[in-house]
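Notes follow once the structure below has been shown.
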Amino acid sequence: MAYWLMKSEPDELSIQDLARLGEARWDGVRNYQARNFLRAMAVGDLFFFYHSSCPEPGIAGIARISAAAYPDQTALDPQSHYFDAKASAQKNPWSAVDVAHVETFGKVLGLGYLKLQAALAEMPLVQKGSRLSVMPVTAEQWAAVLALR
DNA sequence: GCCAACGTTGGC
DNA sequence: GCCAACGTTGGC
């Protein structure tokens, strides 16, 4: 089983939303590196749910991959914010996964706090200029974050 | 294949 | 709202 971290704007989908829904679709990823990580995910993999572009950016909880990557239909929908004119049903470069709620942390582990952790220094999340929205997490990093809860 | 211009991300 | 950093686009 692998570990990951994925960013979501809480206005779009927050860990609280996911807790209420139980399960949700994770779509709209439009970066090839992030997409490749999505495609590498297996059912049962766990990920840190990160809140971005909000008053309190940070890791807000844990969720689980409940369906492996499949074509992201939002790329084909002209009404969607994530519409990609170059995508077609025959050739859709974008992928989505389904996710299920596992745990909402009692407090958000803020980005500034995470940056102080030596064990997390290698994570793209805390590196200057990194905008990657889906990234792998090592078992060591996973344990280090869990210890901060 | 280079690289300038532009668009996007995301913290602050 | 600002802006740094990065990715993508498109002219040449």
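No experiment lies behind these values; they were computed from the predicted model shown. A note on names: the letters A, B, ... follow the listed sequences, proteins ahead of strands, and every chain is numbered from 1. Because only heavy atoms are used, hydrogens play no part in the values below, and waters and symmetry mates are left out as well, while side chains stay in.
At a threshold of 4.5 Å between non-hydrogen side-chain atoms, the residues A:V137 and A:V145 do not count as touching.
Screening residues 126-149 of chain A for salt bridge (charged side-chain N to carboxylate O under 4.0 Å, His left out) gives A:E103-A:R149 as the qualifying pairs, with residues at least two apart or on separate chains.
Classification of A:R35 and A:D72 as a salt-bridged pair fails, no side-chain N sitting under 4.0 Å from a carboxylate O.
Surrounding CZ of A:R30 are more than 12 heavy atoms belonging to other residues, nucleotides or ligands, all under 6.0 Å away.
Listed by chain and residue number, A:P10, A:Q16, A:D17, A:H51 satisfy the side chain to side chain contact (heavy atoms under 4.5 Å, CB included) test with A:S14 (two or more places apart in sequence, or in another chain).
Chain A approaches DNA chain B within less than 4.0 angstrom (heavy atoms of the protein), and the contacting nucleotides run 5' to 3' from B:dG7 to B:dG11.
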